[in-house]
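Notes to accompany the following structure.
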Amino acid sequence: MNQPYAVIDDVIKDMRGFIQELQDQDPDHYSRYPMTLASEADEQSLHNISEWALPDEYLYFLKRYVPQSVTWNTGDYVNLDIFGAMDLERGQWGYSHNPQTNEVFQEWPDHYLVIASDEGDPYCIDLSRGDTVIYAAEHGTGSWDFDVAYDNLTDFLRSVLLPPSSSLDWDTEESNTYTYYKIFITGEGSNKLKTLAFIKKKFSCDYAQARAFMESLPLLVYKGIQQGAEKIEAQLEENGAEYEKREISLAEFVQ
């Protein structure tokens with residue numbers, strides 16, 4: 001059964017590795033990620049999801065890895081709850097119906113199942129399609145305006161391992177593997193004025209502040225993935241600045 005869903009297995013492996021890095025660096029971090037990604041769902045958990053005709057890929061994910069909900073707060077997510085088999089019914093509360101009054105909310109789209117929520121913003125699959133295209137909408141706007149957020153479940157899961165989108169001003173669709181770097185200016189280099197101008201622009205400061213930064217080297221000027229690091233490197237080399245590029249782990253990136 002594993003082979004058809006090897007991509008799910010791979011991304012779960014990456015998620016586990018990320019958690020292990022945090023544990024190794026600082027055990028206190030683990031409390032921020034109460035994750036259960038290692039055990040098969042039990043009979044009671046499977047009973048809780050039997051009312052829905054779930055896509056095979058999503059069912060595999062729930063059965064094999066997520067009996068209980070998973071919380072994640074990296075990248076663009078503030079506090080993402082990925083609902084597990086035991087929590088999927090609770091995940092619908094406040095979206096499709098009111099659990100206290102049993103009122104069904106007519107404005108909620110038919111066949112939409114909430115599989116995750118980030119501070120109230122739902123991430124859903126459309127059960128009428130039979131696939132795992134992920135739809136998302138902003139809550140609190142008076143109506144639900146859904147857009148396609150991810151093409152499939154795997155892309156959605158990978159999204160929790162990405163840097164914030166504010167640092168992604170390039171195309172990242174060609175590869176799903178990311179290497180993270182820090183870049184430090186270590187010296188003024190061959191053209192001090194150009195290096196100062198780079199610092200001034202980078203930190204939106206005046207020249208006095210830029211000179212103060214220059215006196216406190218090394219100065220961190222970039223933290224992110226390879227594509228962005230290459231752009232910063234090119235600028236620093238053009239300016240003649242001395243710099244150091246250091247590969248870091250995902251856990252170090254999000255700290």
Side-chain angles (χ1 to χ4, degrees), residues 1-23 29-30 32-41 45 49 52 54-88 90-92 112-127 129-137 146-165 167-168 171-180 224-225 249-251 253-254:
M1 186 176 183
N2 289 6
Q3 190 60 36
Y5 305 106
V7 288
I8 293 287
D9 298 332
D10 289 343
V11 74
I12 293 296
K13 180 180 178 181
D14 290 341
M15 293 168 77
R16 286 173 173 167
F18 170 71
I19 294 301
Q20 188 62 54
E21 287 182 22
L22 289 181
Q23 284 185 294
H29 275 289
Y30 189 67
R32 297 169 53 204
Y33 304 90
M35 304 179 66
T36 303
L37 289 172
S39 57
E40 299 273 352
S45 299
I49 62 176
W52 295 288
L54 301 176
D56 290 342
E57 181 185 24
Y58 182 52
L59 188 60
Y60 173 83
F61 172 67
L62 291 179
K63 284 183 175 181
R64 187 169 177 82
Y65 294 115
V66 195
Q68 296 179 322
S69 65
V70 173
T71 300
W72 205 277
N73 53 357
T74 62
D76 285 331
Y77 300 109
V78 178
N79 193 39
L80 180 71
D81 287 323
I82 303 175
F83 301 120
M86 294 182 63
D87 311 285
L88 196 56
R90 176 179 59 82
Q92 313 314 303
Y112 269 39
L113 180 74
V114 182
I115 68 168
S117 175
D118 186 27
E119 295 292 286
D121 295 342
Y123 290 82
C124 308
I125 56 176
D126 183 349
L127 295 180
R129 291 173 54 98
D131 57 25
T132 59
V133 173
I134 306 297
Y135 300 85
F146 282 92
D147 290 308
V148 173
Y150 299 96
D151 290 338
N152 52 59
L153 177 63
T154 304
D155 286 350
F156 173 58
L157 295 176
R158 284 194 179 110
S159 72
V160 305
L161 298 174
L162 294 177
S165 61
S167 68
L168 298 177
D171 183 9
T172 61
E173 294 182 359
E174 293 182 0
S175 173
N176 290 311
T177 301
Y178 300 93
T179 306
Y180 301 86
I225 65 176
S249 67
L250 175 60
F253 170 78
V254 301

Next item on the list: Tell me, with the steps shown, if Asp87 and Arg90 meet salt bridge (Lys or Arg N to Asp or Glu O under 4.0 Å).
Entry: CA-CA 5 Å; Asp87 311 285; Arg90 176 179 59 82; 3.5 Å; yes
Next item on the list: Please examine the side chains of Phe156 and Ile115, heavy atoms only from C-beta on, and report whether any two atoms are closer than 4.5 Å.
Entry: yes
Checklist line | Closest non-hydrogen atom pair, Ser117 against Gly120 | finding: OG-N, 3.4 Å
Notebook entry, point to check: Between Ala136 and Ala149, what is the shortest heavy-atom contact and its length?
Noted result: CB-CB, 3.8 Å
Notebook entry, point to check: Is any side-chain heavy atom of Val114 less than 4.5 Å from a side-chain heavy atom of Cys124?
Noted result: yes
Notebook entry, point to check: Taking side chain as C-beta onward, heavy atoms only, is Thr154 less than 4.5 Å from Phe61?
Noted result: no
Checklist line | From Asp10, Val7, Ile8, Asp14, residue fulfilling side-chain contact (heavy atoms from CB on, under 4.5 Å) relative to Leu157 | finding: Ile8
Next item on the list: Keeping the roles fixed (side chain from Glu57, backbone from Tyr5), state whether a donor-acceptor pair exists under 3.5 Å.
Entry: no
Notebook entry, point to check: Should Asp155 and Arg158 count as an ion pair when the cut-off is N to O under 4.0 Å?
Noted result: yes
Margin query: Using the rule given for side chain to side chain contact (heavy atoms under 4.5 Å, CB included), can you reason through Leu88 versus Leu62, listing the C-alpha separation, both sets of side-chain angles and the distance that settles it, and then say yes or no?
Written below: CA-CA 10 Å; Leu88 196 56; Leu62 291 179; 4.2 Å; yes
Next item on the list: Flag the pair Phe146 / Tyr135 as yes when their ring centroid distance falls below 6.0 Å, and as no otherwise.
Entry: no
Next item on the list: Could you check Val160 against Leu80 for side chain to side chain contact (heavy atoms under 4.5 Å, CB included), going step by step and ending with a plain yes or no?
Entry: CA-CA 9 Å; Val160 305; Leu80 180 71; 3.8 Å; yes
Check: So, do Asp151 and Ile134 sit near enough that their side-chain heavy atoms are less than 4.5 Å apart?
Finding: no
Item checked: Student check: side-chain heavy atoms of Ile49 and Leu59 closer than 4.5 Å -> yes
Check: Are the side chain of Thr132 and the backbone of Leu153 linked by a donor-acceptor contact shorter than 3.5 Å?
Finding: yes
Check: Can any side-chain N or O of Asp81 pair as donor or acceptor with the backbone N or O of Phe83 at less than 3.5 Å?
Finding: no
Notebook entry, point to check: So do Gln92 and Trp52 actually touch side chain to side chain, heavy atoms under 4.5 Å?
Noted result: yes
Item checked: Mutual orientation of the aromatic rings belonging to Tyr123 and Tyr77 [parallel < 30°, tilted 30-60°, perpendicular > 60°] -> perpendicular
Notebook entry, point to check: Would a 4.5 Å heavy-atom cut-off, applied to side chains only, mark Ser249 and Tyr180 as touching?
Noted result: no
Checklist line | Side-chain heavy-atom pair Asp131, Asn152 within 4.5 angstrom cut-off | finding: no
Item checked: Check: Asp118 side chain, Val78 main-chain N or O, donor-acceptor pair, under 3.5 Å -> yes
